[in-house]
2 protein chains.
Amino acid sequence: MPGAFSSDDEVELRQAERDVNAVFIDESFDFEALLAVSNVFRAATAVRSHMEREVLARHQLGWSAFVVLFVLRVWGPKQSNELASEAGITGGTLTGVLNTLERRGLVKRAEHPTDGRRLVVSPTAKGRRTIDEIMPVFNQHEAIVTSGLTGDDRTQLARLLRTVLRTLDTEV
Amino acid sequence: MPGAFSSDDEVELRQAERDVNAVFIDESFDFEALLAVSNVFRAATAVRSHMEREVLARHQLGWSAFVVLFVLRVWGPKQSNELASEAGITGGTLTGVLNTLERRGLVKRAEHPTDGRRLVVSPTAKGRRTIDEIMPVFNQHEAIVTSGLTGDDRTQLARLLRTVLRTLDTEV
DNA sequence: ACAATATCGTTCGGTAGCGAACGACATCGC
DNA sequence: GCGATGTCGTTCGCTACCGAACGATATTGT
């Protein structure tokens, strides 16, 4: 979303609001909602690319590959289905991510013992070692990224975002 | 990031914290930072896919194509450089997005009058019509997505996220 | 039993998305 | 006035990412 919407400068922000309203002339236009959505998206992009550049790049891992590996490390072997949902990606995307991870020897696919449709994914020893190496640095950068916020702010932020997530879950 | 981290259930959340701490044994592990980052990312993904599904799909536009078109509609012809920065994508990505938009006849590339390196991008009439049609619905969905928040909450959310963005801007 | 139905993971076509390398053009220093 | 340096947009290789279609396997209803 446009950079002007995440400006710190109140004057610039109000100018952007005027610019938008000049084009979309509508009494019910909700600029605050636009700002909130816009900033959620910009922050996510900025955080993600920061993490990929500063932490994940040297391990040749993208964000999703990292998340999948993290889930497997903490909660152990998982079936593909649940893994996709935990990682917040679709099944089709997971197939690609698993191909990448398997090629690098970080993950292993295995058949489900009783259900022929299912697939069980496990981290390899190398996969566990990799995530153990990454995680402390990753978390350190999470702390850096949120260092402008007080403890209360962080909790508040998480709460507000959970509200948005809950709305989306139930609204659809 | 793992779905457990955005749970509304406090018990489940604390269990997830225990699970993580059981694996990454580290006194200084910052779970609140993990939660904040995780939720920013999950919320952004959820919002984006909601918008793409409910609003943009019928116009065959992805998020970035929409943002680029929006910027051009509100602020008029722009040079490629600034356009990428406003839309929050890199130059390489913009080239692809512009190809898509140009193929659909929503945007036009033109040479800069004096500087041979530069490129000026303008919306076509069809491009303006398209965004004018989309925007009211889009904004309505932005309002829906944030309908669980009070007015104060929205402002607060935008403020907290701007703080994160500012941290990332200056920290790097 | 056994067809209808549901649920898996994968495939496919399309759109992003990044960083690095590249070639075209501009500008600066002298 | 012309090389060194900087700044454009594009290309390239790679990784994602989605929804729809697909084939294989399970389950359910009767």
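Numbers restart at 1 for each chain; the letters A, B, ... are given by sequence-line order, proteins then strands.
- Contacts with DNA chain C (heavy atom under 4.0 Å) in residues 104-113 of chain B: B/R104, listed by number.
- We find that CG of B/L101 is positioned 12 Å from C1' of C/dA16, with the value rounded to whole Å.
- Protein atom CZ of A/R48 is 12 Å distant from nucleotide atom P of C/dG19, rounded to whole Å.
- In this structure, of D/dT25, C/dC18, C/dT10, it is C/dC18 that holds the atom nearest to the side chain of B/I89.
- Residue A/G116 is classed as a sugar-phosphate contact, given heavy-atom separations below 4.0 Å to backbone atoms only.
- Spacing between atom CG of A/N81 and atom P of D/dT25 amounts to 17 Å, rounded to whole angstrom units.
- A/L165 and B/L149 fall into different hydrophobic clusters, where Ile, Leu, Val, Met, Phe, Trp and Tyr residues are linked whenever their side-chain heavy atoms come under 4.5 Å apart, directly or through other members.
- Between the NE2 atom of B/H59 and the C1' atom of C/dT15 there is a distance of 17 Å, rounded to whole Å.
- Of the possible polar contacts, one joining the A/S147 side chain to the A/I144 backbone as a donor-acceptor pair under 3.5 Å is found.
- A/R73 is not listed as a side-chain neighbour of A/P123, based on a closest heavy-atom distance of 4.5 Å or more.
- Atom CG of B/L69 is separated from atom P of C/dT15 by 15 Å (rounded to the nearest Å).
- Look at A/R109 and A/E102 and you find a salt bridge, because one of the NZ, NE, NH1 or NH2 atoms lies within 4.0 Å of a carboxylate O, short of that distance.
- Using a 4.0 Å heavy-atom criterion, one finds that B/T114 contacts the sugar-phosphate atoms exclusively.
- Among the protein residues, B/A65 comes within range of the sugar-phosphate backbone only, with heavy atoms under 4.0 Å from sugar or phosphate atoms but none that close to a base.
- For A/G62 and A/R118, each mapped to the nucleotide of DNA chain D holding its nearest heavy atom, the one lying further toward the 5' end belongs to A/G62.
- Taking only side-chain nitrogens and oxygens, A/T100 comes nearer than 4.0 Å to OP1 or OP2 of D/dA16.
- The side chain of B/R53 lies closest to D/dG19, out of C/dG19, D/dT10, D/dG19.
- Put simply, CD on B/E82 is 9 Å from P on D/dG9, counting in whole angstrom units.
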Distances for protein N or O near nucleotides 2-6 of chain C N or O, under 3.5 Å:
none

Check the pair B/R159, A/D153 against side chain to side chain contact (heavy atoms under 4.5 Å, CB included), reporting the backbone distance first and the verdict last. CA-CA 10 Å; B/R159 188 184 65 77; A/D153 282 345; 3.9 Å; yes
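- Between B/F29 and B/F24, the ring planes lie parallel to each other; the angle is under 30°, not in the 30° to 60° tilted range.
- For the residue pair A/N139 and A/E142, a side-chain donor N or O sits within less than 3.5 Å of a side-chain acceptor on the partner.
- Counting non-hydrogen atoms under 4.0 angstrom, B/T95 reaches a base of the nucleic acid.
- Between A/F70 and A/W75, the angle of the ring planes goes over 60°, which puts this pair in the perpendicular group of the 30/60° scheme.
- Among the atoms of the strands shown, base atoms are found under 4.0 Å from some heavy atom of B/T93.
- Rounded to an integer number of Å, the gap from A/M51 CE to C/dC18 P is 17 Å.
- Applying the side chain to side chain contact (heavy atoms under 4.5 Å, CB included) test between A/L83 and each of A/V67, A/V107, A/L72 identifies A/L72 as the sole match.
- Within 4.0 Å of B/G96, counting heavy atoms only, lies no atom of the nucleic acid at all.
- The side chain of B/R103 places an N or O atom within less than 4.0 Å of a non-bridging phosphate oxygen (OP1 or OP2) of C/dT15.
- Connection of B/V120 to B/L98 is not established within any shared hydrophobic cluster, with ILVMFWY side chains joined at heavy-atom distances below 4.5 Å, either directly or through further cluster members.
- The residue among A/S49 and A/L94 whose nearest nucleotide of DNA chain C lies closer to the 5′ end is A/L94.
- Going from atom CG of A/N99 over to atom P of C/dG9 covers 14 Å, rounded to whole Å.
- Residue B/G91 is classed as a base contact, given a heavy-atom separation below 4.0 Å to a base.
- For the pair B/E133 and B/R129, the salt-bridge criterion is not met [side-chain N within less than 4.0 Å of a carboxylate O].
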